[in-house]
Amino acid sequence: MKLYNTRTRNIEQLRPLEDRHVRIYSCGPTVYDHAHIGNLSAYIFADTLRRVVAQAGYTVTHAMNYTDVDDKTIRRSRERYPDIEPREALHRLADEYITHFLEDMAAVGNDTSALTFLRATDPEVIKGMYELITQLHTKGFAYIAEDGVYFSIDAYRKSGKTYGQLLELTLQNTSEARIHNDEYDKESVHDFALWKKQKDGEPAWPFTLEDRDGRHDLSGRPGWHIECSVMSRQALGQPFDIHTGGVDLIFPHHENEIAQSTALETNPVMATIFAHNAHILVDGKKMSKSANNFYTLKDITDKGYDPLAFRLLVLQSHYRSQTNFTWESLEAAQNRLVKLRNWAALMYQDSTPAPEHTSRISRQTIGSAFREALENDLDTPQALASIADDVISVTDDPTGGLTSQQIKDSVEFIDEVLGLRLSEVQDITPEQKQLIADREAARIAKDWQKADELRKRLEKQKIELRDTPQHTIWYRTA
RNA sequence: GGCGCGUUGGCGGAGAGGUUACGCAGGGCUCUGCAAAAGCCCGUAGACCGGUUCAAGUCCGGUACGCGCCUCCA
């Protein structure tokens with residue numbers, strides 16, 4: 001398994017730190033609103049990565065966080081529940097959007113049962129953040145300011161570690177814009193908040209730190225970056241193998257996570273591989289909440305599209321390429337999905353094995369082209385192409401010379417790795433099978449009128465028929 | 001201003017120094033009682049300008065345009 005590593009800017013062989021076990025951490029959602037399809041594409045990437053790593057023979061521990069405390073969750077919770085105690089309001093809002101999130105995840109084929117979820121406001125996590133910040137403070141990597149506790153990048157650098165492990169940070173590309181925006185009491189413009197003191201009406205957790213001036217009451221809430229540092233360590237230990245997220249998280253989020261997580265360690269590596277997915281664009285621009293040019297899954301389903309068509313659309317392009325979302329391309333993906341399902345339905349139907357192909361195409365050989373593509377930096381477009389080449393269109397026989405059992409195996413294998421849920425295609429009922437058999441009999445008797453009538457009855461049940469030289473095939477219409 | 005990425009056929013989107021990506025849409029043919037699907041074939045893609053090479057979408061340099069990050073962000 002090879003994967004592009006942002007840290008080294010190279011495609012690298014995956015070498016798990018523990019034998020046959022791969023630990024993955026994926027930056028999850030901030031639960032203040034519905035996820036948009038750009039968010040979902042990042043989770044489709046993470047889910048597919050986990051599937052591919054698992055099928056490559058590793059056991060996988062995959063952790064994801066919920067950011068359930070930040071500026072946006074706080075603001076929204078106060079709007080929504082103005083009369084409720086702030087922490088309770090926050091919790092309610094988060095619960096609500098976590099539910100929506102899990103629904104969306106399932107709808108686009110992400111297996112949430114394979115994930116270990118952590119919440120930033122979980123008491124264990126809060127405790128972990130308190131401990132880490134305290135230690136950072138004790139060791140001189142953090143300092144107390146007017147409005148909170150900040151991480152000192154200068155101290156981190158002086159300890160001999162690199163701030164800027166994922167991208168080249170120069171004075172020019174970081175300071176200029178930040179100087180003008182800087183409204184906080186930081187020692188350096190690069191420094192970032194580990195903990196923020198409570199403001200009016202905001203939820204807060206007890207927090208005290210002691211320095212030479214005495215004990216400071218800093219009750220408030222965590223900074224964004226510290227959440228991921230603590231949750232990843234609690235779920236996976238450190239260092240772990242793969243850290244995923246969108247490219248927009250490279251800086252500052254992941255850079256800051258690395259600094260926090262490694263300041264107290266001898267090993268400067270937080271995770272071996274940092275893997276980042278490129279964005280989905282709308283009209284050639286990045287989709288974002290702030291630009292208000294985003295679509296949610298509901299927008300897609302409202303137009304009658306299948307959420308799994310969106311998954312297929314995402315998988316059709318490489319995760320490191322920007323993808324321009326258009327309704328036309330979603331339509332194309334939906335058509336392709338329907339055709340894949342029609343092929344999957346063949347697993348319930350008799351097929352005539354063509355001996356010269358049966359040995360070539362099987363669960364194992366889907367593997368060679370398919371698996372090879374996926375294990376090469378998760379090349380899902382190539383893998384999908386190999387399905388078409390090797391499986392679906394090998395011979396005149398629509399089954400591709402596969403027995404129904406082999407099709408079933410192939411479909412299940414594809415599902416296992418791509419999560420397209422093709423195997424959920426239902427078999428037809430015995431009654432429907434009888435109708436098909438009756439029509440066959442009518443055709444043999446050249447009773448065309450009866451044959452056509454039976455076909456019409458099936459069409460009303462959303463089943464269409466194809467007569468091939470070998471036999472009659474059914475498939476479902478939407 | 002700094003750093004990085006991209007520019008492929010009607011649309012989306014890959015791999016790749018010499019041979020079909022793939023999908024969707026379109027045209028033709030075959031098959032078929034009809035139908036539909038499928039199969040086969042087709043449309044002479046590779047931003048622009050130079051260079052390297054026997055050979056370049058594919059490597060190198062430059063130009064133009066677009067995008068991302070540098071601020072919350074998948």
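So you know, we letter chains A, B, ... as the sequences are listed, proteins then strands, and number each from 1.
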Answer with base, sugar-phosphate or nothing: what part of the nucleic acid does A/I280 contact at a heavy-atom distance below 4.0 Å?
base
Using salt bridge (Lys or Arg N to Asp or Glu O under 4.0 Å) as the criterion, list what pairs up with A/D47, not counting sequence neighbours.
A/R50, A/R51, A/R311
Watson-Crick and G-U pairing of RNA chain B written in dot-bracket, each distance under 3.5 angstrom, with | for inter-strand partners
(((((((..(((.....[...))).(((((.......)))))....(((((..]....))))))))))))....
Just to verify, what does A/T73 make a side chain to side chain donor-acceptor pair (under 3.5 Å) with, not counting sequence neighbours?
A/D70
Counting the atoms with a prime plus P, OP1 and OP2 as sugar-phosphate, which does A/R75 contact under 4.0 Å by heavy atoms, base, sugar-phosphate, or nothing?
nothing
Look for any protein N or O under 3.5 Å of an N or O in nucleotides 67-69 of chain B and output each such pair with its distance, or none.
from, atom 1, to, atom 2, distance (Å)
B/C67, OP1, A/K285, NZ, 2.3
B/C67, O2', A/Q322, OE1, 3.2
B/C67, O2', A/Q322, NE2, 2.7
B/G68, OP1, A/K286, N, 3.1
B/C69, OP1, A/K286, NZ, 2.1

Sequence-distant partners of A/E255, side chain to side chain donor-acceptor pair (under 3.5 Å), two or more places apart
none
Check: A/D467 side chain, B/C34 base, donor-acceptor under 3.5 Å:
yes
Salt bridge (Lys or Arg N to Asp or Glu O under 4.0 Å) filter on A/D154, not counting sequence neighbours, yields A/K158
Counting only non-hydrogen atoms, which of residues 445-460 of chain A are less than 4.0 Å from RNA chain B?
A/W448, A/D452, A/R455
For A/Y4, which residues count as a side chain to side chain donor-acceptor pair (under 3.5 Å) partner, sequence neighbours excluded?
none
Taking atom P in both B/G9 and B/A21, what distance in whole Å separates the two?
13 Å
If you look only at pairs with a residue in residues 312-332 of chain A, which of them pass as a salt bridge (Lys or Arg N to Asp or Glu O under 4.0 Å), with sequence neighbours excluded?
A/R320-A/D377
Walk along nucleotides 24-29 of chain B from 5' to 3' and tag each nucleotide B, S or - by protein heavy-atom contact under 4.0 Å, base first, then sugar-phosphate.
SS----
Throw together a table of side-chain donor-acceptor distances under 3.5 angstrom for residues 378-385 of chain A, partners on residues two or more places apart or in other chains.
from, atom 1, to, atom 2, distance (Å)
A/D379, OD1, A/Q382, N, 3.2
A/T380, OG1, A/L315, O, 2.7

Contact class for A/G245 (heavy atom, under 4.0 Å): base, sugar-phosphate, or nothing?
sugar-phosphate
Taking side chain to side chain donor-acceptor pair (under 3.5 Å) as the definition, give me every residue that meets it alongside A/Q316, ordered by chain and number, with sequence neighbours left out.
A/R336
To the nearest angstrom, how far is A/H243 atom NE2 from B/A74 atom P?
13 Å
Distance, rounded to the nearest Å, where A/Y319 contributes OH and B/G13 contributes C1'
17 Å
Once you apply a heavy-atom cut-off of 4.0 Å, does A/H36 come out as touching a base, just sugar-phosphate, or nothing?
base
